[in-house]
Every structure is written in C-alpha cells, then in structure tokens.
Amino acid sequence: MLNDEKSLNFIEEIIEEDIRNGKHGGRVLTRFPPEPNGYLHIGHAKSIVLNFGLAQKYMGKTNLRFDDTNPVTEETEYVESIKNDIKWLGFQWAEELYTSDYFETLYGYAVKLIKKGLAYVDDSSSEEIAASKGTPTEPGKPTPYRDRSVEENLRLFAEMREGKYPDGAKVLRAKIDLANPNMHLRDPLLYRIKHAHHHRTGNKWCIYPMYDFAHGQSDSIENITHSICTLEFIPHRPLYDWLIEQLEIFPSKQYEFARLNLNYTVMSKRKLLQLVNEKYVDGWDDPRMPTISGLRRRGYTPASIRNFCERIGVAKRENIIDVGLLEFCIREDLNQTAWRRMAVLDPVKLVITNYPAGKTETLIGENNPEVEGGEGERSIPFSNELWIEREDFMENPPKKFFRLAPGLMVRLKHAYIIKCDEAVKDSEGNITEIRCTYLPESKSGEDTSGIKVKGTIHWVSVPHAKTAEVRLYDRLFNVENPAAEENFKLTINPESLQIIEKAYAEPDLLNAVPGKGYQFIRKGYFTLDDQQSTPDHLVFNRTVTLRDTWVKEMNRE
RNA sequence: UGCCCGAUAGUAUAAUGGUAGUACGACAGAUUUUGGUUCUGUUUGUCUAGGUUCGAAUCCUGGUCGGGCAACCA
C-alpha cells in the first residue's frame with residue numbers, strides 16, 4: 001500500500017479546494033439533469049457516475065432533475081426509463097425534481113428582470129431576430145422593440161402567459177449587449193410561446209422558459225453547489241452567471257467536462273431516435289444500441305459500466321474511447337461472476353466408436369472456476385454421440401492447431417481424452433461426422449492415462465442437447481466515427497446481428513435466469529434475452545466474445 | 001477570420017517548477033482440462049518556435065492543429 005492514492009480529476013480538485021475554503025460550509029450537492037426526450041446512453045452513464053460519485057465521495061447528495069422545458073419533445077415514457085436506468089446502475093437520488101416545478105418561480109424571475117429594465121418583449125420573427133444578432137465578427141442591431149417601457153413589457157409578458165398570442169408571435173428577451181463577442185449574450189431569448197400540452201403541467205402554461213433561463217436558476221433554486229455539464233455549454237456560462245447575479249439568487253457554479261465518445265457507435269439522442277424510428281434496430285433497448293437499456297439487454301452489468309466510467313477519466317479534452325475498453329470491463333466482471341456452461345453454436349456430429357451406444361454417463365462441472373469452491377457444480381450428461389463446433393476439426397491443420405484432425409488427440413471438457421480417427425463426408429465432400437475413440441482411463445478428475453494433450457474442446461451430448469436460439473452481436477457501424485459521415489446510416493454494419501436459430505446447449509442451461517451472465521466455454525459471455533426468451537424457446541444474447549488469440553494468430557497469416 | 005476551450009505513447013488519463021507514470025491495446029514468454037483467466041517482461045509519448053529558470057509537460061509570448069459558439073433545442 002505505498003503511494004496508492006488515486007489522483008484527482010480536475011473537478012475533484014475544485015471541490016476539495018472549495019471544501020478547504022469552507023465554501024457553502026463544505027456542502028456538496030450535485031444534480032443529474034436529463035431531458036426526458038429519449039433513453040439514457042453510455043455517455044449519460046459517464047455523467048451519472050461523475051455526479052453521483054462526487055456526492056458519495058464528498059458526503060453530499062445528488063438530485064435527479066428532469067429538464068422539461070420543451071413540451072413538444074418530452075414524454076412520461078422517457079421519465080420512467082431514465083429513473084429505471086439510474087437505479088439499475090446502482091444510484092439513488094436525493095430528490096426527484098422537475099424544472100416544470102419551478103415554472104411559477106421562473107415566471108417571477110422574468111418579471112423581476114423586466115422591472116429592472118433587463119428584459120423586453122420582442123415581436124420580431126425568429127428570422128428577424130437571427131438576422132439582428134449579427135455574426136461572430138459583426139455586432140448585432142437592436143430590433144424596434146428593444147426600448148419598450150417596463151410597463152409595456154410587463155403587460156405584454158402577462159398577456160403572453162394568458163394566451164393572447166399565437167406561437168411565435170412574441171418572445172421575451174434579456175437586454176444585455178448586442179455587440180458582445182459571445183453570441184449567447186446578444187439579448188438571448190428567455191421565453192417563447194408554445195400552445196402545447198406538457199407531460200406534467202398539462203395545459204396550464206402556454207409560455208415556456210428556454211434552457212438558458214431555466215437551467216441555471218433551477219440549480220440555484222435547489223442550492224446546487226457544483227453544476228456539472230459538458231463542454232458545449234462553456235459559452236453559456238457567462239449568461240448563467242449573469243442571470244444569477246441580476247436575480248440575486250444562490251450562486252451555483254457551472255463546470256464543464258468533455259463528454260464521452262465511443263468509436264463504432266453514435267451517441268446523439270437524435271441519431272439514436274432515427275435508428276429506432278426507422279427500424280434499423282429493434283427499439284431503444286436493442287442489444288446493439290449504446291443505451292443503458294440496450295447494454296443491459298446485451299448482458300452488461302452495472303458494475304462493469306460504472307467501472308468503465310471510472311477508468312476513462314474526466315477531463316476537458318475531446319476524446320474518442322475505444323469500445324475495446326468497454327469490452328475489457330465487461331469481460332473483467334463476467335470472468336469473475338459468470339457460470340460456465342457448454343453450448344455448440346455451429347454443430348457437427350462426433351461419434352465415439354468405442355463407447356457403448358445407448359450408454360449415458362453423468363459428469364460433473366464446476367459452475368465458476370474463478371471462485372473458491374466453484375460456486376457449486378452441475379451435472380452434464382455424456383454419451384457416444386456429441387455435438388462439437390465445426391471449427392474444432394480440420395482435415396489438414398496448420399502446425400499449432402491444438403484441436404481435432406485425423407490422428408490428433410484432445411480432451412473433451414469435463415470428460416475424456418479422445419483420438420480422432422476419421423471424418424465421414426457426404427457426396428459433396430461436406431463433413432457429416434467425425435469418428436473418434438476415447439481413452440476410458442482418462443476421465444476428468446480420475447485420469448490415470450498419463451497422457452497430456454494440448455487442447456480441450458467443449459461439447460454437448462446429442463440425445464440430451466437442448467436447442468436454443470443464439471444471437472451474435474457485432475458493432476453496429478463499420479466506421480470508427482459514424483457521426484462524421486454525410487449519412488451515418490450508410491455505414492451500418494449489415495452483419496451486426498447474426499441469428500443462430502438452432503444451437504445446442506447442455507441441459508442445465510434450461511435453468512438459466514434472466515439478468516445473469518453465462519460463459520459458454522470457449523465462445524463468450526451470454527445472457528438470456530429478457531424480452532423474448534421463453535421456457536419453450538430459449539433465446540441467448542451474446543454479450544461479448546472471449547479474447548481470442550488463436551483467431552488473431554490465424555489472421556496474421 | 002470575432003470570442004471561447006483544448007493539445008502528454010495507438011486510445012484514454014496522471015505528474016500542480018525537480019526521475020514522464022498508470023490503464024487498455026500491441027508484442028514476447030510462463031502457467032492452464034476454456035487458444036479464456038492469471039503471472040512476468042518488452043515496446044511506444046510531452047504539437048511547434050522562442051522566452052523565464054539552476055531546472056519547464058507544467059509559467060510567459062508567438063504560431064500550428066483540433067473542437068465549440070450566430071435553434072422560439074437541451
């Protein structure tokens with residue numbers, strides 16, 4: 001335990017500095033502020049782990065606040081899925097809050113600004129406003145409504161609320177500085193008219209605050225000490241601070257970190273929504289989606305995702321993380337926890353010619369070799385006819401092929417050593433059967449044969465095999481950064497899902513439970529598809545393959 | 001060509017003026033009844049040019065490159 005101290009990320013440094021200085025009495029309150037307009041994805045997980053993790057580390061709390069200021073895109077379905085995903089990840093919020101809870105307060109803030117001469121009602125169209133803002137290199141010009149009196153602004157704003165005007169007829173704007181080099185300070189919009197039904201406030205309101213007039217104030221209302229968001233909000237910070245100062249409310253501070261990007265996937269809710277709506281995937285929880293629900297259905301564990309989020313770190317530099325790291329994290333977890341089972345995905349029959357036909361033997365296999373005691377064991381039926389993987393036999397093998405080929409010996413996992421004698425082919429030359437002889441004295445656990453073999457293969461007894469559908473997933477996109485493409489949908493990997501209708505599984509897999517990971521020995525980690533698997537029709541999703549240095553060796557040529 | 005943010009191995013991330021480290025990857029070997037796991041070792045880095053300093057990844061200046069900003073989205 002020497003120098004075991006983990007280094008701090010820049011936000012932790014800020015917080016520790018604040019605590020040292022007694023800021024807010026050492027109190028730490030963060031918040032996770034999703035907009036309920038889509039499902040959470042792995043990028044949100046980074047933010048969740050950061051916000052909740054910080055609170056845990058510094059004995060603070062985290063609020064869950066739904067940023068629901070745009071009624072046309074937000075739905076209760078999303079609220080429920082978001083709460084479910086956060087809980088599944090293992091976090092508990094202090095309070096469940098909604099920006100819409102503050103609509104009345106926010107309205108009051110707007111009135112206060114108007115009274116201070118710092119906000120005005122503008123009748124210009126959105127095009128006119130955009131044009132009057134100028135460009136980054138040219139200052140903007142005032143619209144004809146900028147110098148309305150306080151009284152007139154108060155009256156018009158009240159009428160906006162009363163529903164006297166149609167959508168788009170008027171907006172409320174802050175009166176700041178039309179020449180500011182920061183475009184966000186050129187009289188930003190505060191309120192717009194939307195005669196739309198809100199998922200929580202119903203038809204009570206027809207004006208809704210913009211993000212910039214809601215987010216910072218909501219933080220302030222909740223006394224959030226550290227408001228953590230992503231880099232694109234950096235230019236909003238001066239406005240965030242300006243509003244807090246003018247409104248004379250609790251001074252929350254905003255800090256920005258670089259969002260997570262993962263290669264071979266897309267992370268924007270807009271693009272994910274397209275994949276769902278246009279049926280490129282089977283819903284938000286399709287196992288190929290980078291959503292929390294997709295990863296869950298794929299077999300990822302909360303611990304593996306939390307771990308991943310901690311390993312990638314937190315900084316301000318743009319980054320693209322290799323999915324290989326995510327895969328490492330789930331393998332690391334599942335290697336320790338998944339129960340081992342045998343299943344044959346691409347079967348070919350193997351007959352043991354010197355083993356009595358019709359005889360059945362019951363063999364024993366531990367559930368988990370990584371744990372002391374193996375977490376118990378299961379029995380595995382054995383007979384003279386087995387299914388093995390087609391790829392485990394080669395007629396003319398390369399030098400270091402440690403599997404079956406005429407004359408070669410391997411061990412059948414948990415069973416006997418066998419020697420391959422011949423392969424039987426059909427008229428077209430396809431191998432239909434592999435014939436072997438076994439060494440009776442080589443039984444697993446009581447081997448007196450003295451023979452050592454290099455290879456061990458998995459198998460399933462033909463008369464005892466249970467069939468299962470197995471779904472093999474691969475990356476959804478063929479390019480590292482689909483979002484950079486003209487049309488990201490053109491780079492979708494057509495082989496991202498391979499369905500094996502009829503794989504053979506050892507009988508104990510009938511006892512598989514949803515949510516648990518299983519290692520199909522030598523093939524990968526799998527989990528029951530909790531949406532579609534039934535006792536009569538098992539469906540397994542492949543979470544991730546095992547590392548495979550043999551494939552790598554073969555590809556090297 | 002206005003403002004803002006950033007730049008350390010292939011990818012991330014640390015070093016807070018004093019030996020450039022860690023993880024993943026890659027490579028090599030050992031162990032192995034999973035070509036898995038585990039273990040050992042190796043490889044690869046401070047964008048650039050100046051300046052300050054006994055000493056610079058770190059501070060200063062210029063440049064280069066990357067990203068963001070002109071939604072009645074968040």
Side-chain angles (χ1 to χ4, degrees), chain A residues 3 6-9 13 33-35 37 67-70 72-74 122 124-126 129-131 133-140 167-173 180-186 189-194 207-208 210-212 214-215 229-238 256 258 263 269-270 311-322 324-329 331-332 335-336 340 342 365 369-370 400-403 410-415 417 442 444-445 447 452-458 519-525 545-554:
Chain A
N3 280 347
K6 205 168 164 279
S7 57
L8 303 177
N9 65 48
E13 282 178 2
E35 183 188 11
N37 68 345
D67 221 334
D68 55 353
T69 58
N70 186 359
V72 303
T73 57
E74 295 153 5
D122 196 329
S124 309
S125 69
S126 84
I129 290 176
K133 281 196 180 183
T135 69
T137 53
E138 300 164 45
D167 289 8
K170 286 178 165 47
V171 292
L172 183 73
R173 287 229 260 171
N180 201 291
N182 181 342
M183 298 297 291
H184 294 276
L185 259 17
R186 318 247 270 221
L189 270 64
L190 268 24
Y191 267 90
R192 77 290 214 188
I193 300 171
K194 272 182 195 283
I207 57 172
Y208 293 92
M210 299 287 291
Y211 167 86
D212 280 320
H215 199 98
C229 63
T230 45
L231 256 27
E232 68 269 26
F233 292 102
I234 289 177
H236 296 247
R237 185 171 5 111
E256 311 87 6
N263 59 9
K269 276 196 274 189
R270 206 190 105 257
R311 278 174 195 267
I312 58 178
V314 176
K316 300 190 74 158
R317 171 185 359 161
E318 296 280 354
N319 59 79
I320 301 179
I321 308 286
D322 195 318
L325 184 61
L326 218 209
E327 294 177 347
F328 168 82
C329 290
R331 286 190 186 111
E332 182 185 44
N335 177 52
Q336 293 298 319
R340 271 57 170 178
M342 294 196 287
E370 294 300 311
K400 290 196 294 194
F401 187 76
F402 304 139
R403 308 180 191 180
V410 298
R411 173 172 293 280
L412 294 169
K413 180 74 179 175
H414 298 309
I417 291 175
S442 69
S444 197
D447 186 349
K452 289 269 179 283
V453 293
K454 279 293 254 184
T456 298
I457 65 172
H458 61 282
Q519 185 194 109
F520 290 180
I521 291 176
R522 300 209 306 139
K523 297 311 299 182
Y525 295 99
T545 61
L546 255 22
R547 260 182 91 231
D548 192 340
T549 51
W550 172 245
V551 164
K552 206 183 293 177
E553 172 100 21
M554 294 301 278

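Small disclaimer: the values here were computed from a predicted structure and weren't measured. A, B, ... follow the sequence lines: proteins, then strands. Residue 1 opens every chain.
When heavy atoms are screened at a 4.0 angstrom cut-off, Tyr191(A) is found touching no nucleic acid atom at all. Ser124(A) comes within 4.0 angstrom of a nucleotide base, judged by non-hydrogen atoms across all strands. Residue contacts for Ile321(A): at a heavy-atom cut-off of 4.0 Å it reaches the sugar-phosphate backbone alone, with no base atom in range. At the heavy-atom level, Leu231(A) lies nowhere under 4.0 Å from the strands shown. Within 4.0 Å (heavy atoms only), His458(A) reaches no atom of the nucleic acid at all. When heavy atoms are screened at a 4.0 angstrom cut-off, Thr69(A) is found touching the sugar-phosphate backbone but no base atom. Nucleic acid contact class of Arg403(A) (heavy atoms, under 4.0 Å, all strands): base. Phe402(A) comes within 4.0 angstrom of a base, heavy atoms only. Using a 4.0 Å heavy-atom distance criterion, Asn70(A) is classed as a sugar-phosphate-only contact.
The listed nucleotides are rA12(B), rA71(B), rA74(B); the one nearest the side chain of Ala130(A) is rA71(B). Considering only side-chain atoms of Asn319(A), the nucleotide from rG35(B), rA74(B), rA12(B) that sits closest is rA12(B). In this structure, of rG35(B), rG6(B), rC72(B), it is rG35(B) that holds the atom nearest to the side chain of Arg522(A). Of the listed nucleotides (rU34(B), rA74(B), rA12(B)), rU34(B) has the atom at the smallest distance from the side chain of Lys413(A). Here rC5(B) is the nucleotide among rC5(B), rU33(B), rG36(B) with the atom lying nearest to any side-chain atom of Lys316(A). The side chain of Glu232(A) has rA74(B) as its nearest neighbour among rA70(B), rU33(B), rA74(B). With distances taken from any side-chain atom of Ala315(A) to the nucleotides rG35(B), rA74(B), rU13(B), the minimum falls on rU13(B). Closest approach to the Pro136(A) side chain among rC73(B), rA23(B), rG2(B) is made by rG2(B) (side chain taken as heavy atoms from C-beta onward). Side-chain proximity of Val171(A) to the nucleotides rA70(B), rA74(B), rC72(B) is greatest for rC72(B). Side chain of Ser444(A), nearest nucleotide from rU34(B), rU33(B), rC73(B): rU33(B).
With C1' as the reference atom, rA14(B) and rA9(B) are 13 Å apart, rounded to whole Å. Comparing rU58(B) with rG18(B), their P atoms sit 12 Å apart, to the nearest whole Å. Using atom P as the reference point in both rU43(B) and rA49(B), the two lie 26 Å apart (nearest Å). Rounded to the nearest Å, the gap between the C1' atom of rG2(B) and that of rG10(B) is 36 Å.
Rounded to an integer number of Å, the gap from NZ of Lys454(A) to P of rU32(B) is 9 Å. Atom-to-atom, CE of Met183(A) to C1' of rA70(B) comes out at 3 Å; the value is rounded to the nearest Å. Note: CG (Leu185(A)) to P (rA70(B)) measures 13 Å, nearest angstrom. Distance CD (Glu318(A)) to C1' (rC4(B)): 13 Å, rounded to an integer number of Å. Summarising the geometry, the separation between NZ on Lys452(A) and P on rU31(B) is reported as 13 Å, rounded to the nearest angstrom.
Under 4.0 angstrom from either OP1 or OP2 of rC69(B) there lies no side-chain N or O belonging to Arg186(A). Contact check, Arg317(A) against rU13(B): a side-chain N or O comes under 4.0 Å of OP1 or OP2. Residue Thr456(A) places none of its side-chain N or O atoms closer than 4.0 Å to OP1 or OP2 of rU32(B). OP1 or OP2 of rA74(B) has at least one side-chain nitrogen or oxygen of Arg192(A) nearer than 4.0 Å. Remark: Thr137(A) is not in phosphate contact with rC3(B), judged by side-chain N or O atoms under 4.0 Å from OP1 or OP2. Within the structure, a side-chain polar atom (N or O) of Lys552(A) is placed less than 4.0 Å from OP1 or OP2 of rA26(B).
Remark: ring of Trp550(A) overlaps the six-membered base ring of rG35(B) in a stacked fashion, centroids less than 5.5 Å apart, planes less than 30° apart.
Side-chain atoms of Arg192(A) never come within 3.5 Å of backbone atoms of Gly168(A) as a donor-acceptor pair (strictly under, hydrogens ignored). No side-chain donor-acceptor contact under 3.5 Å links Arg311(A) to the backbone of Leu326(A). At least one donor-acceptor pair under 3.5 Å links the side chain of Glu74(A) to the backbone N or O of Asn70(A). Distance alone, capped at 3.5 Å, is enough to place a donor-acceptor pair between the Asn182(A) side chain and the Pro235(A) backbone. Of the possible donor and acceptor atoms, none in the side chain of Lys523(A) sits under 3.5 Å from a partner among the backbone N and O of His458(A).
Annotation: side chain of Tyr525(A) is in contact with side chain of Asn335(A) (closest heavy-atom distance under 4.5 Å).
Contact between Val453(A) and Val410(A) at its shortest, heavy atoms only, is CG2-C, 4.1 Å. Here the closest heavy-atom approach between residue Tyr208(A) and residue Thr69(A) is recorded as CB-O, 3.5 Å. Taking all atoms of both residues into account, the shortest heavy-atom contact from Arg411(A) to Asp447(A) is NH2-OD2, 2.7 Å.
Residue whose closest nucleotide on RNA chain B sits further toward the 5' end, between Pro369(A) and Ile312(A): Ile312(A). For the pair Asp447(A) and Gly324(A), nearest-nucleotide mapping onto RNA chain B gives the more 5' position to Gly324(A).
Counting distance only, with no hydrogens placed and no angle test, the side-chain atoms of Arg547(A) and the base atoms of rU37(B) include no donor-acceptor pair under 3.5 Å. At a cut-off of 3.5 angstrom, the base of rU38(B) holds no donor-acceptor pair with the side chain of Glu370(A). Side-chain atoms of Glu256(A) stay outside donor-acceptor range of the base of rG6(B), with no qualifying N/O pair under 3.5 Å.
Counting only Watson-Crick and G-U wobble pairs whose two key distances fall under 3.5 Å, RNA chain B forms stems of three or more stacked pairs at B:2-7 with B:64-69, B:10-13 with B:21-24, B:26-30 with B:38-42, B:47-51 with B:59-63.
In this structure, His184(A) and His236(A) have tilted ring planes: the angle between them lies in the 30° to 60° band.
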